[in-house]
Asks: 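Would you mind keeping the following structure in view while I ask a few things?
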There are 2 protein chains.
Amino acid sequence: MSTLSTAELRMPVVAASAVREFARGGYHGTTIADVARDARISPAYVFKLFPSKERLFVAALDDCFERILETLAAGADAAADQGPDAVLDAMGGAYAELISDRTLLLLQVHAQSVADIPEIGQALRAGLKRVTRFAKTRSGASDSAVQRFVAYGQLCHLIVTAGIDTVPDEWATILSHGIRHPA
Amino acid sequence: MSTLSTAELRMPVVAASAVREFARGGYHGTTIADVARDARISPAYVFKLFPSKERLFVAALDDCFERILETLAAGADAAADQGPDAVLDAMGGAYAELISDRTLLLLQVHAQSVADIPEIGQALRAGLKRVTRFAKTRSGASDSAVQRFVAYGQLCHLIVTAGIDTVPDEWATILSHGIRHPA
DNA sequence: CGGGAGAGTGAGTGTACAGTCACTCTCATG
DNA sequence: CATGAGAGTGACTGTACACTCACTCTCCCG
């Protein structure tokens, strides 16, 4: 095989593969070989680009939050009404659409589950910090409205990961009611 | 070593060990040997009591929800004001106290992360069904109040797993404000 | 006392995986 | 064309782990 790329160009591609694969299997349930296969490179080369599995996961998580922030910004900008609550609502809609393919949602849940690994916990907090601050400053909503925004986001994560949206039962509709199409 | 117990008595003890160990390491990050060590039996005997690691995890999760239900019931009974919102609030307080040692909280987060394993997803939904139904019927609160109850519970899980309660920064207080002592 | 049921284990087996290393191949430059 | 920097890999290592099996030991019942 010939030289197709530089390490600088290859890294974000591998990070994107890591997002997909870690979202599918979680940290412990995903192998370097899985990511390498998705990125069409050898497992050995993954270790040339990232020093360890932990750092690869962190790169994936950073990418995940980067995309979320972009989406929230776009959603906020597209809001017809630029009042605080309307902007927050528009962000919620944009987020719901973003995670309709489940990948970024699952990665966050997996990250929560291995947040006791110091570097991962730190990356998770950094991402949440960015999301919280952006939601607050861009919308100008009250602290409690921002808190509610995040809380219902977490509920949405639960609904999708547990497959509650596919349960046609009353308890399931209580939890899912009004949550925007986690299709 | 002598015969100390019957399988029937041993099973719940091992399940309790499984709750502790799986809460610590998650499904993929915990070995049967870890659980066996905690329960002071050999790894081989764990497989005499439970047919597979998956089923052991399910047993742990069932135990976890059993304890949560008991706690919610006790909290509700102890409420001075038996109005719907007051009962729900009392349940929230009891839950906050229950998960102050993080074990049951972490197990739920780990369960969410491996809910794509069919048996585990099923057990998770069964637990959530019990919690949701109990919260609704025992309190008599509105659907949206019950939904809010669960949503803020999930926010609480995020705060604890990500260690947000230890961050002395404004974004962290926005998320943590009013959440009862996740110490 | 003989035997059988059930508690409990030691010693494996097969496999999978994080990380390493010596190596090749390509290409730009002097 | 020589060389060297950097892209990329095959083959390996050491270890860890889910699960199995043949076995022992104890105690109860006839």
Side-chain angles (χ1 to χ4, degrees), chain A residues 1-61 110-111 113-114 116-120, chain B residues 1-61 110-111 113-114 116-120:
Chain A
M1 196 188 235
S2 64
T3 300
L4 291 176
S5 186
T6 67
E8 209 159 298
L9 288 174
R10 196 66 99 166
M11 270 183 53
V13 173
V14 175
S17 291
V19 169
R20 280 190 292 276
E21 290 299 314
F22 279 128
R24 182 183 296 274
Y27 181 72
H28 291 293
T30 301
T31 70
I32 295 292
D34 292 333
V35 176
R37 192 177 315 114
D38 189 276
R40 299 175 186 281
I41 60 175
S42 69
Y45 193 40
V46 174
F47 285 103
K48 286 263 164 80
L49 297 172
F50 298 90
S52 67
K53 192 182 180 183
E54 288 182 18
R55 296 288 275 268
L56 177 58
F57 189 92
V58 167
L61 195 54
H110 291 311
S113 150
V114 287
D116 59 317
I117 298 174
E119 285 184 278
I120 294 177
Chain B
M1 198 188 231
S2 64
T3 302
L4 292 176
S5 187
T6 66
E8 208 159 300
L9 289 174
R10 196 64 97 169
M11 270 182 53
V13 172
V14 176
S17 291
V19 169
R20 279 190 293 276
E21 291 299 315
F22 280 127
R24 182 182 298 274
Y27 181 73
H28 291 293
T30 301
T31 70
I32 295 293
D34 291 333
V35 176
R37 193 177 315 114
D38 189 277
R40 300 176 185 281
I41 60 176
S42 70
Y45 192 40
V46 174
F47 285 102
K48 285 264 164 79
L49 298 172
F50 298 90
S52 66
K53 191 181 179 183
E54 289 182 17
R55 295 289 275 267
L56 177 59
F57 190 92
V58 167
L61 195 54
H110 290 312
S113 150
V114 288
D116 58 318
I117 298 173
E119 284 185 278
I120 294 177

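Lettering of chains follows the sequences in order, A, B, ..., and the numbering in each one begins at 1.
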Asks: Can you figure out which of D:dA7, C:dT9, C:dG19 approaches the side chain of A:F47 most closely?
Replies: C:dG19
Asks: Please give, in whole Å, the distance from D:dT9 P to A:R37 CZ?
Replies: 14 Å
Asks: Over how many whole Å does the gap from A:M11 atom CE to D:dA7 atom C1' extend?
Replies: 15 Å
Asks: Figure out the NE2/C1' separation between B:H28 and D:dC17, and round it to whole Å.
Replies: 13 Å
Asks: Just how far, in rounded Å, is P of D:dA11 from CD1 of A:I32?
Replies: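 Rounded to whole Å, this separation is 20 Å.
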Asks: Measure the distance from CZ on B:F50 to P on C:dG8 and round it to the nearest whole Å.
Replies: 13 Å
Asks: If you check every side-chain atom of A:R10, which of D:dA7, D:dC19, D:dG8 has the closest atom?
Replies: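 From the listed options, D:dG8 comes nearest.
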Asks: To the nearest angstrom, how far is A:I41 atom CD1 from D:dG6 atom P?
Replies: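 The answer, rounded to whole Å, is 18 Å.
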Asks: Side chains of B:I41 and B:V13, heavy atoms from C-beta outward: is any pair under 4.5 Å?
Replies: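 No. Closest side-chain heavy atoms not under 4.5 Å.
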Asks: Let's see if you can work this out: which of D:dA7, D:dT9, C:dG8 has an atom nearest to the side-chain heavy atoms of A:K48?
Replies: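 The closest nucleotide is D:dT9.
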Asks: Among C:dG19, C:dT20, D:dT20, find the nucleotide with the atom closest to the side chain of B:A44.
Replies: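 Of C:dG19, C:dT20, D:dT20, D:dT20 is nearest to the side chain of B:A44.
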Asks: Using atom CZ of A:R55 as one end and atom C1' of C:dG19 as the other, report the distance to the nearest whole Å.
Replies: 15 Å
Asks: Counting only side-chain heavy atoms from C-beta out, which of D:dC19, C:dA7, C:dA18 sits nearest to A:K53?
Replies: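 Of the candidates, C:dA18 comes closest.
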Asks: Compare the minimum distances between each of D:dA18, C:dT9, C:dA7 and the side chain of B:S42, then state the nucleotide with the smallest one.
Replies: C:dT9
Asks: Can you classify the ring geometry of B:F22 versus B:Y27 as parallel (below 30°), tilted (30 to 60°) or perpendicular (above 60°)?
Replies: parallel
